[in-house]
Amino acid sequence: MAARLSRIVLPPLVVAAALLVYRLAFVSAGFERIEPARREPWTIAARFDEPRVVTDEQLAAVLDRVKPPVQPLKTNNMVHALRLWGLSADFHDPRIPTGRQMQAYLLDDRVFRQYAGERTPPIFSRDKAGLTVRSFDDALTNRDTSSYHADDLLATLAEVGTPLDTPLHLRDGEATLGELLNDSLRRFHLDRLEYEWAIISYARCVFPQKQFKNLWGDRMNVDQLVEEAVAPALELGPCNGLHRLEALAVLHRADEQAHALRPGTKLKILSHLKRVSDLLAASQTAEGYWTRQWPQGAAAAVPTKDQAGDVYDRILVTGHQLEWLALAPEEVQPPRETIVRAGQWLARTLLELDQKDLEAAYGPYTHAARALALWRNRDPYQAWLQGRTTSVSLVPASPPH
């Protein structure tokens with residue numbers, strides 16, 4: 001009996017042990033530090049200033065409606081507010097965090113606890129593979145203070161220009177933003193559900209280094225990242241697949257400074273963005289917005305009631321589309337009238353929304369506000385300040401007594 005059991009049990013155990021040893025050896029072989037050549041992330045600047053997309057007055061009024069919400073506290077809101085407003089923002093309201101305070105919320109656990117509470121689990125911690133981020137998808141509790149998308153915190157810190165040697169003050173020690181970048185990219189693999197923000201982080205911080213090695217010993221190169229972004233169906237992925245387009249636009253913008261992409265890879269990016277742009281020109285509704293059915297082209301231009309979606313869907317899709325287009329080169333742009341109609345629809349709709357509805361969907365709506373600012377090549381905080389100054393100067397003086 002014992003011999004029979006050993007014949008049944010031991011072979012699977014031997015195989016399992018062998019697989020474990022192989023995996024451990026393979027993983028240990030993958031521990032290769034990523035060394036970006038740059039301390040400062042690439043600056044990805046806006047390209048255009050088109051007053052017909054949104055006037056100065058409209059832009060200032062829209063921005064006034066998307067100041068960082070006071071409550072409820074959500075890390076996702078903090079991240080979106082930081083990427084919209086930047087580090088210089090100060091609304092002179094003790095209830096509203098400044099840009100530096102929003103950045104510190106992510107960089108310093110002591111600041112995080114001031115907002116989230118002493119008993120709230122930290123956003124960043126360490127495991128055997130290095131720094132890890134508390135994920136919304138993995139959390140059963142405290143989800144509001146978790147990271148909503150994989151690598152979105154890293155990409156946002158890079159977007160606002162945070163140097164890689166910036167300290168991270170953790171609850172269990174010290175680190176740097178560069179270590180977070182290194183450990184995040186080492187966890188990257190091609191079967192991930194979300195990879196858009198990893199590509200954005202790579203493009204802003206690592207490129208023109210053309211490859212890196214993950215924990216499992218796989219070499220990831222820039223051509224694979226581009227293929228990962230262009231291969232899936234257009235509508236697949238977070239936010240209707242539109243962050244993949246942003247990732248490609250950011251990478252192409254970085255390459256305009258680094259000149260490191262192979263000609264074939266650059267052509268693949270531009271061809272994909274032009275294909276999307278042509279679909280947008282065909283699928284735009286008469287009112288100026290796009291629906292989630294935009295990949296269908298002309299068939300989506302006159303949506304049925306079910307296809308049109310609610311105002312949230314329309315703003316999410318239209319705002320994200322205008323956002324990546326503002327970073328994309330002229331050769332992939334749709335006709336400018338397409339952009340103007342979309343921008344004017346966004347501006348009018350954001351100004352008509354109930355404030356509570358706007359704050360309830362704050363994250364997606366900041367993409368729309370940011371898109372409008374990008375199309376005017378304006379810093380959102382400076383545009384908001386100028387709007388306040390102008391509105392004050394337009395108030396008639398009190399008549400003399």
Side-chain angles (χ1 to χ4, degrees), residues 41 44 63 66-91 96-109 111-117 120-125 131-139 142-162 164 166 168-170 177 180-181 184 194-205 237-239 242-243 246-247 250 315-316 319-320 323-324 358-371 373-374 379-381:
I44 310 299
L63 290 169
V66 290
K67 295 190 296 292
V70 177
Q71 291 293 337
L73 174 68
K74 293 183 178 181
T75 294
N76 194 45
N77 285 350
M78 198 75 81
V79 167
H80 280 88
L82 176 59
R83 75 185 296 270
L84 170 64
W85 290 106
L87 298 178
S88 63
D90 185 347
F91 301 96
I96 301 178
T98 66
R100 290 292 178 184
Q101 287 170 331
M102 291 186 280
Q103 183 192 42
Y105 174 93
L106 300 176
L107 294 175
D108 190 337
D109 183 71
V111 177
F112 170 75
R113 279 180 283 167
Q114 290 173 8
Y115 285 93
T120 305
I123 298 180
F124 302 111
S125 57
L131 289 175
T132 186
V133 182
R134 176 158 56 86
S135 168
F136 180 90
D137 291 333
D138 297 335
N142 301 110
R143 300 185 85 188
D144 281 351
T145 56
S146 298
S147 166
Y148 196 77
H149 296 292
D151 294 310
D152 60 345
L153 309 188
L154 176 61
T156 299
L157 287 168
E159 187 170 325
V160 298
T162 313
L164 293 181
T166 301
L168 277 175
H169 302 292
L170 311 176
L177 184 62
L180 177 63
L181 170 70
S184 293
E194 288 188 344
Y195 49 81
E196 294 84 346
W197 290 268
I199 296 177
I200 291 171
S201 300
Y202 162 83
R204 286 185 176 274
C205 299
C239 297
L242 301 177
H243 286 287
E246 179 190 358
V250 167
I315 293 176
L316 181 146
H320 280 75
E323 191 175 28
W324 76 262
L358 193 152
E359 292 178 1
Y362 182 75
Y365 293 168
T366 62
H367 285 273
R370 181 172 179 266
L374 285 171
D379 173 83
Y381 180 61

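Worth saying up front: this structure is predicted, and the values here are computed from it rather than measured. What's counted below: heavy atoms across the whole structure, side chains too, no hydrogens, waters or symmetry copies.
Contact between Ile123 and Thr75 at its shortest, heavy atoms only, is CD1-OG1, 4.0 Å. A pairwise comparison of heavy atoms in Asp109 and Pro122 identifies OD1-CB, 3.6 Å as the closest pair. Minimum interatomic distance between Leu63 and Pro380 (heavy atoms only, all atoms of both residues): CD1-O, 3.3 Å. Closest of all the heavy-atom pairs between Leu242 and Leu316 is CD1-O, 4.4 Å. Taking every heavy atom of both residues into account, Glu194 and Ala150 meet most closely at OE1-N, 3.0 Å. Heavy atoms only, all atoms of each residue included: Pro97 and Tyr115 are closest at CB-OH, 3.6 Å.
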Please tabulate, for the side chains in residues 197-204, all donor-acceptor contacts under 3.5 angstrom to protein atoms that are two or more places apart in sequence or on a different chain.
unit_1 : atom_1 : unit_2 : atom_2 : d
Ser201 : OG     : Ala155 : N      : 3.4
Ser201 : OG     : Trp197 : O      : 2.8
Tyr202 : OH     : Gln209 : O      : 2.6

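Listed by chain and number, the residues in a ring pair (Phe, Tyr, Trp, His ring centres under 6.0 Å) with Phe112 are Tyr105 (sequence neighbours excluded).
The CG atom of Leu87 sits 6.0 Å away from the CG atom of Leu82 when rounded to the nearest 0.5 Å. In this structure, the separation between CG on Asn76 and OG1 on Thr145 is 11.5 Å, given to the nearest 0.5 Å. The CG atom of Leu84 sits 11.5 Å away from the OG1 atom of Thr156 when rounded to the nearest 0.5 Å. To the nearest 0.5 Å, the span separating OH on Tyr381 from OG1 on Thr98 amounts to 9.5 Å. Rounding to the nearest 0.5 angstrom, the gap separating the CG atom in Leu168 from the OG1 atom in Thr162 is 9.5 Å. Interatomic distance, CG of Asp108 versus CD of Gln103, reported as 10.5 Å (0.5 Å rounding).
At a threshold of 4.5 Å between non-hydrogen side-chain atoms, the residues Thr166 and Leu157 do not count as touching. Considering only heavy atoms from C-beta on, Ser146 stays 4.5 Å or farther from Ser135 through its side chain. In this structure, the side chains of Leu177 and Leu180 come closer than 4.5 Å at one or more pairs of heavy atoms. Within the 4.5 Å cutoff, the side chain of Lys67 has heavy atoms near those of the Trp85 side chain. Residues Asp152 and Ser147 meet the side-chain proximity criterion, which asks for heavy atoms closer than 4.5 Å. Put simply, the side chain of Glu359 does not reach to within 4.5 Å of the side chain of Gln71, judged on heavy atoms. Side chains of Val133 and Phe124 form a contact here, defined as non-hydrogen atoms less than 4.5 Å apart. Leu107 places none of its side-chain heavy atoms less than 4.5 Å from the side chain of His169.
Note: His149 and His243 have tilted aromatic rings, judged against thresholds of 30 and 60 degrees for the angle between ring planes.
Proximity of a side-chain donor or acceptor of Ser184 to a complementary backbone N or O of Leu181 within less than 3.5 Å is not detected. Panel note: side chain Thr120, backbone Ala116; a donor-acceptor pair is recorded below 3.5 Å. Remark: the backbone N or O of Arg370 is not paired with any side-chain donor or acceptor of Arg83 at under 3.5 angstrom.
In summary, the side chains of His320 and Glu323 do not present any donor paired with an acceptor at a separation below 3.5 Å, with no hydrogens or angles considered.
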